[in-house]
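In this text, all values refer to a predicted model and were calculated from it rather than measured experimentally.
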Amino acid sequence: MNSPVNRTILLLDIERYSDRDDVEQAFLRRMLYDIADQTLDAAGIGSDRRLRADRGDSVMELIDANAPVSVLLRTLLTEVPVQLRKTNRMASSSAQIRLRAVLATGYVAIDAHEGWVGSDLNHACRLLDAKLLRVALRERPDDFALCVSDSVHQGIVRHGHPGIRPEDFSHIAPESKNGRLSAWLYGPVPSTGPEHSGAEPKPTVAPGNGTTPAADGSAEPRFPASTQIMGDQYGIAGGTNHGDLNISVGRRPRKDQR
């Protein structure tokens with residue numbers, strides 16, 4: 001296994017993908033790739049600065065840490081909704097595409113089987129599959145729900161870079177099988193009810209100390225450690241189930257290979 005390197009992690013997932021037939025799934029995958037490519041190109045991140053893993057109903061991007069995260073986040077907030085509106089205006093009701101997204105940073109290693117290994121990546125995958133983010137998407141009229149990791153919030157969002165308003169992000173603590181997670185949701189927290197929201201007040205601890213308040217007022221790690229990589233539902237030795245992490249990694253395919 002190669003040594004872990006710092007990367008920006010972007011995950012994009014299609015809502016209700018498994019409910020569609022094969023023809024619709026093929027169309028949705030093309031649209032997902034197009035939206036991902038156009039968004040990253042608009043952020044100035046070419047195929048030579050990223051690796052992609054294909055999970056069927058979602059894609060994962062490992063992006064060069066030198067690519068400005070503020071530019072990428074601003075582009076996600078503006079470009080993805082535009083691309084979704086343009087795509088869905090021309091699509092039938094059965095081919096509408098709605099996306100959940102997670103933007104995070106952390107250390108990731110690539111093993112001998114071309115799989116991606118890292119607890120920061122596992123944390124991002126659990127955020128992507130969190131019930132809270134799914135409920136948030138169902139309540140969004142713009143077909144897009146995004147959350148960012150604590151590291152992205154601390155390093156980028158809270159500083160109010162151009163086009164990024166800190167007040168538009170709310171701290172959330174959704175449940176996962178490994179306990180509560182910690183992240184920041186763009187837009188309103190779902191109003192479905194406490195059993196879905198998992199929202200907590202914004203942390204009052206000093207920025208950068210690596211903790212956020214737990215429900216009982218105690219401090220808990222900002223990034224829950226996960227040593228159960230192989231065979232973990234969100235681990236790297238993936239299968240074909242929705243929660244598994246596909247290990248197919250490579251550069252962006254040429255147009256004649258899509």
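- Put simply, CZ on Arg140 and CZ on Arg98 are 10.0 Å apart, with the number rounded to the nearest 0.5 Å.
- Taking both residues in full, the closest heavy atoms of Ser70 and Ile164 are given as O-CD1, 3.6 Å, listed atom of the first, atom of the second, then distance.
- Between Pro188 and Leu185, the shortest heavy-atom contact is O-CD2, 3.6 Å.
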Audit row: Leu10, Leu76, side-chain contact (heavy atoms from CB on, under 4.5 Å) steps and yes/no: CA-CA 10 Å; Leu10 174 63; Leu76 286 170; 3.9 Å; yes

Test side-chain contact (heavy atoms from CB on, under 4.5 Å) applied to Leu77 and Leu73, step by step: CA-CA 6 Å; Leu77 296 177; Leu73 177 55; 4.3 Å; yes

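- How far CZ of Arg30 is from CD1 of Ile35: 12.5 Å, rounded to the nearest 0.5 Å.
- Closest heavy-atom contact between Ser151 and Thr105: OG-OG1, 2.6 Å.
- Contact check on Arg52 versus Asp37 returns a salt bridge, with a Lys/Arg side-chain nitrogen under 4.0 Å from an Asp/Glu carboxylate oxygen.
- Heavy atoms of other residues, nucleotides or ligands lying less than 6.0 angstrom from OH of Tyr107 number 12 at most.
- Checking side-chain atoms of Glu15 against main-chain N and O of Ile97 turns up no donor-acceptor pair under 3.5 Å.
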Verdict with reasoning, Val71 to Arg74, per side-chain contact (heavy atoms from CB on, under 4.5 Å): CA-CA 5 Å; Val71 175; Arg74 184 168 60 246; 3.8 Å; yes

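- Taking the side chain as every heavy atom from C-beta outward, Asn88 and Asp143 approach each other to under 4.5 Å.
- Closest heavy-atom contact between Gly56 and Asp54: N-OD1, 2.6 Å.
- The environment of CG in Asp22 is sparse: at most 12 heavy-atom neighbours from other residues, nucleotides or ligands sit within 6.0 Å.
- Within the model, atoms CG of Leu28 and CD1 of Ile14 stand 5.0 Å from one another, a figure rounded to the nearest 0.5 Å.
- When every heavy atom of Ser182 is checked against every heavy atom of His123, the shortest pair comes out as O-CE1, 3.4 Å.
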Audit row: Asp21, Gln25, side-chain contact (heavy atoms from CB on, under 4.5 Å) steps and yes/no: CA-CA 6 Å; Asp21 63 32; Gln25 289 184 5; over 6 Å; no

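- Interatomic distance, CD1 of Ile172 versus CG of Leu133, reported as 6.5 Å (0.5 Å rounding).
- Under the 4.5 Å side-chain criterion, counting only non-hydrogen atoms from C-beta, Ile9 is not in contact with Ile63.
- Panel note: side chain Arg158, backbone Val152; no donor-acceptor pair is recorded below 3.5 Å.
- Using a 4.0 Å cut-off between charged nitrogen and carboxylate oxygen, Asp129 and Arg100 count as a salt-bridge pair.
- With a 4.5 Å cut-off on side-chain heavy atoms, Thr75 and Val80 do not count as touching.
- Taking 4.0 Å as the cut-off between side-chain N and carboxylate O, Arg55 and Asp13 do not count as a salt-bridged pair.
- Heavy-atom minimum distance, Ala104 versus Ser149: CA-OG, 3.4 Å.
- Taken to the nearest 0.5 Å, the OG atom of Ser58 stands 9.5 Å off from the CZ atom of Arg29.
- No option in Ile45, Thr8, Asp64, Leu62 other than Ile45 meets the side chain to side chain contact (heavy atoms under 4.5 Å, CB included) test with Arg50.
- Between the CZ atom in Phe27 and the OG atom in Ser92 there is a gap of 7.5 Å [rounded to 0.5 Å].
- Residues Leu40 and Leu72 meet the side-chain proximity criterion, which asks for heavy atoms closer than 4.5 Å.
- The aromatic rings of Trp184 and His153 sit parallel, their planes meeting at an angle under 30°, below the 60° perpendicular limit.
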Check against salt bridge (charged side-chain N to carboxylate O under 4.0 Å, His left out), Asp142 and Arg85: CA-CA 8 Å; Asp142 59 358; Arg85 284 195 298 271; over 6 Å; no

